[in-house]
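First, the structure itself, so that you have it in front of you.
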Amino acid sequence: MGICWSNQIKAYSPSNTGLNSKNGSRDGKYLSSSSSKLSSSSSVPQTPRSEGEILQSSNLKSFAYSELKIATRNFRPDSVVGEGGFGSVFKGWIDEHTDKAMKPGTGLVIAVKRLNQEGLQGHKEWLAEINYLGQLRHPHLVKLVGYCLEDEHRLLVYEFMPRGSMENHLFRRGTQFHPLSWSTRMKVILGAARGLAFLHSPETQVIYRDFKTSNILLDSNYNAKLSDFGLARDGPIGDKSHVSTRVMGTYGYAAPEYLATGHLTAKSDVYSFGVVLLEILSGQRAIDKNRPSGQHNLVEWAKPYLTNKRRVLHILDSRLEGQYSLNRVQKIAELTLQCLAADAKFRPTMKEVVLVLEQLQDSKDASNKLTEKERNKTATGNANSRTAYPRPSASPLFS
């Protein structure tokens, strides 16, 4: 699935330039795309490209600032659908065929990210987003429609993702965010895994570097799309085992060897995937200092429970109410442990992760549902092991 490039994609920013760090709450959480048509293979230059080369070869529409003002009703406050380190995200409308601005409620719904000139994130991340999403197409990557580069204005235009981010559905409370069922969570994480596997494939060789629930967007059918490629990097080439970079990302998700050395590999993304798996199982954030002492870091607290087939039930999200089979829970726990291995060489590849998740989705073990007694015991264990505290977003990494 998706574009298979014959050469590696080259980012604008070279090693160790220090792209600005990310906020835990992302402006990408309301962006989106429906499944896009896959384009044909193409050759990508092997040398770092200039800004002009990236923009000219991006296959994206260049919007005038005046067009986006009309599409978003002059960036009115009531058009804002998200805020983040990049800036604000506005809902707008364009003609599906001509890309001309339309009246609200007509045409194709879009999400417009506008760079905050005073924000931490800047032009390099804006350009990195265009470099990757301007070339890559895949059903589980968010679709970038176009951009605006006019005077001091820097904007990105995406198709709109109606159900927002996985982060909102897991952690926020409100009438518009109902608890996701077990089957929906498994569908979402499988889609996200397929997106990462595509990025890691030999034809693409891209390290995402910022995999987390706020960057997993959901369409109306809960199909997952990876968003926000501002921190993405080309993977190592030739006989190199890693890419040396300034440490960037989000606390709670970054792999320990990357934090310690700055050595970035595809297995760094696999660790982050394991953290998200644990969040989906538990319904708790990776980092939450409002939880009781000893539970602030989800991985440190919950990892011991994953090693025992029965103890794992005590960390499960009580809102799931026994919708799962015990066999599947145990297998997901095993996969999570493998992804969170301290030594990167013991982590699976994302291709292997996808195979496991596909097998679990296809398996027919519904008869192994938890009994009423087991559900009650699990609910009691959950109630005793954690309290409903406000859950702030994970903190960004700085260096």
Side-chain angles (χ1 to χ4, degrees), residues 19-34 51 54-55 58 60-134 142-165 167-168 172 174 176-177 210 214-215 217-220 225 227-231 393 396:
L19 294 180
N20 291 314
S21 53
K22 298 281 184 180
N23 285 347
S25 177
R26 301 310 302 262
D27 45 346
K29 57 182 73 167
Y30 291 97
L31 303 179
S32 74
S33 98
S34 53
E51 174 181 312
I54 289 174
L55 297 180
S58 66
L60 301 173
K61 175 178 171 54
S62 176
F63 286 88
Y65 185 67
S66 58
E67 290 180 289
L68 297 182
K69 284 181 67 176
I70 296 172
T72 60
R73 296 182 293 175
N74 200 25
F75 301 103
R76 280 171 36 170
D78 59 358
S79 294
V80 174
V81 292
E83 299 278 357
F86 187 96
S88 299
V89 185
F90 299 84
K91 187 175 183 179
W93 290 264
I94 59 174
D95 184 271
E96 190 170 359
H97 304 290
T98 66
D99 292 331
K100 297 295 183 182
M102 300 288 288
K103 293 181 180 180
T106 61
L108 178 69
V109 186
I110 57 171
V112 181
K113 288 173 65 173
R114 184 169 66 170
L115 174 63
N116 177 4
Q117 296 297 319
E118 299 177 355
L120 294 174
Q121 298 166 223
H123 182 73
K124 288 181 180 179
E125 292 188 32
W126 175 86
L127 196 58
E129 189 93 342
I130 293 172
N131 182 58
Y132 289 107
L133 289 181
V142 72
K143 182 182 177 183
L144 182 62
V145 177
Y147 64 90
C148 173
L149 174 59
E150 189 175 313
D151 298 326
E152 74 280 9
H153 302 298
R154 303 288 187 277
L155 301 98
L156 296 169
V157 180
Y158 306 78
E159 287 188 83
F160 188 76
M161 194 66 105
R163 294 198 181 274
S165 73
E167 177 189 45
N168 287 340
R172 291 196 177 183
Q176 71 272 38
F177 297 116
D210 203 20
S214 62
N215 284 343
L217 307 184
L218 308 175
D219 69 10
S220 57
K225 321 271 184 176
S227 71
D228 205 328
F229 282 67
L231 291 187
S393 293

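It should be emphasised that the depicted structure is a prediction, and the values quoted were computed from it without experimental measurement.
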Quick one: pull up SG in C148 and CG in L68 and give me the separation to the nearest 0.5 Å. 5.5 Å
About how many Å separate CG of L127 and OH of Y132, when rounded to the nearest 0.5 Å? 10.5 Å
Considering all heavy atoms, the nearest W93-G105 contact: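 Distance-wise, the nearest heavy atoms are CE2-N, 3.1 Å.
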Indicate the atoms forming the closest heavy-atom contact of I94 with M102, along with that distance.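 What the structure gives for the nearest pair is C-CG, 3.3 Å.
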Got a sec, which residues hit salt bridge (charged side-chain N to carboxylate O under 4.0 Å, His left out) with D151, two or more places apart in sequence or on another chain?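 Once residues adjacent in sequence are excluded, D151 has no partner under the salt bridge (charged side-chain N to carboxylate O under 4.0 Å, His left out) criterion.
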In chain order, what residues pass the ring-ring contact (aromatic ring centres under 6.0 Å, His included) check against F90, with sequence neighbours excluded? F75
Out of curiosity, E125 CD to N131 CG, how far, rounded to the nearest 0.5 Å?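 Here the rounded value is 13.0 Å.
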For R114, give me all partners under salt bridge (charged side-chain N to carboxylate O under 4.0 Å, His left out), at least two apart in sequence or on another chain. none
Where do K69 and H153 land on the side-chain contact (heavy atoms from CB on, under 4.5 Å) test, with the steps shown first? CA-CA 12 Å; K69 284 181 67 176; H153 302 298; over 6 Å; no
Please report the closest heavy-atom contact between S62 and E67, naming both atoms and the distance.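 In terms of heavy atoms, the two residues are closest at O-OE1, 4.5 Å.
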Audit row: E129, Y158, side-chain contact (heavy atoms from CB on, under 4.5 Å) steps and yes/no: CA-CA 11 Å; E129 189 93 342; Y158 306 78; 2.4 Å; yes
The side chain to side chain donor-acceptor pair (under 3.5 Å) partners of N74 (sequence neighbours excluded) come to none
Could you report the tightest heavy-atom contact between L218 and M161, atom names first, then the distance?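 Taking every non-hydrogen atom into account, O-CG, 2.5 Å.
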For the residue pair R73 and P104, what are the closest heavy atoms and their distance? CD-CG, 3.2 Å
Least distance between heavy atoms, S79 atom then T72 atom: OG-O, 3.2 Å
Spacing of I130 atom CD1 and Y147 atom OH [to the nearest 0.5 Å]: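 OH of Y147 is found 6.5 Å from CD1 of I130.
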Within the structure provided, determine whether F160 and I110 are in side-chain contact (heavy-atom separation under 4.5 Å).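 Of all side-chain heavy-atom pairs linking I110 with F160, none is under 4.5 Å.
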When you measure from the side chain of S165 to the backbone N and O of N215, does any donor-acceptor pair fall under 3.5 Å?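 Judged by distance alone, no pair lies under 3.5 Å.
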Going through the checks in order, is the side-chain contact (heavy atoms from CB on, under 4.5 Å) test met by F63 and V112? CA-CA 11 Å; F63 286 88; V112 181; over 6 Å; no
If we check side-chain contact (heavy atoms from CB on, under 4.5 Å) with L60, which of these qualifies: L133, L144, V145?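 When L133, L144, V145 are each tested with L60, the side-chain contact (heavy atoms from CB on, under 4.5 Å) holds only for L144.
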Quick test of your reading: applying salt bridge (charged side-chain N to carboxylate O under 4.0 Å, His left out), list the pairs with at least one residue in residues 93-111, sequence neighbours left out, ordered by first then second residue.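 Listed once each, the pairs would be none.
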Residue from L155, V89, V157 passing side-chain contact (heavy atoms from CB on, under 4.5 Å) with K113: V89
Report the distance from atom NZ of K61 to atom OG1 of T98, rounding to the nearest 0.5 Å.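 The NZ atom of K61 sits 8.0 Å away from the OG1 atom of T98.
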Heavy-atom donor-acceptor pair, S214 side chain to E167 backbone, under 3.5 Å: no
